[in-house]
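Let me begin by presenting the structure, written as structure tokens, before commenting on it.
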Amino acid sequence: MAGPWFTIQRDGEGWQTLGQVWISDGARDLQGKIEVKVDLERVETVF
């Protein structure tokens with residue numbers, strides 16, 4: 001099962017953990033962490 005398909009993040013709260021994965025090079029198995037950081041930027045639109 002893959003996922004998450006979506007997530008809700010708050011602006012300016014630093015790094016947030018989304019999940020964990022197993023990583024292998026064939027000889028060693030390690031656990032990794034998936035993190036995201038969201039910073040929103042206001043963009044002026046001209047019409």
Side-chain angles (χ1 to χ4, degrees):
M1 181 172 139
W5 294 106
F6 68 91
T7 183
I8 298 172
Q9 301 294 322
R10 293 179 197 91
D11 182 36
E13 287 201 358
W15 291 98
Q16 297 180 20
T17 301
L18 285 184
Q20 297 179 342
V21 295
W22 285 100
I23 302 170
S24 177
D25 64 2
R28 297 180 299 165
D29 293 333
L30 300 172
Q31 191 171 18
K33 188 169 23 174
I34 300 171
E35 296 181 328
V36 296
K37 181 177 180 181
V38 176
D39 288 318
L40 300 178
E41 181 177 327
R42 185 175 301 274
V43 177
E44 297 294 329
T45 56
V46 179
F47 292 101

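Treat the numbers as computed from the prediction; the structure is a model and nothing was measured.
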Partners passing side chain to side chain donor-acceptor pair (under 3.5 Å) against E41 (at least two apart in sequence or in another chain): none
Just by distance, do the side chain of T17 and the backbone of G19 share a donor-acceptor pair under 3.5 Å? no
How far apart are the C-alpha atoms of I34 and V21, what are their side-chain angles, what is the distance that settles it, and do they pass the side-chain contact (heavy atoms from CB on, under 4.5 Å) test? CA-CA 7 Å; I34 300 171; V21 295; 3.5 Å; yes
For the NZ atom of K33 and the CD atom of Q20, what is their distance to the nearest 0.5 Å? 7.5 Å
So, for I23 and G32, which heavy atoms are closest and what is the spacing to 0.1 Å? CD1-CA, 4.2 Å
Distance check, rounded to the nearest 0.5 Å: Q31 atom CD versus W22 atom CH2? 4.5 Å
Please list, chain by chain and in numerical order, all residues satisfying side chain to side chain donor-acceptor pair (under 3.5 Å) with D25, sequence neighbours excluded. none
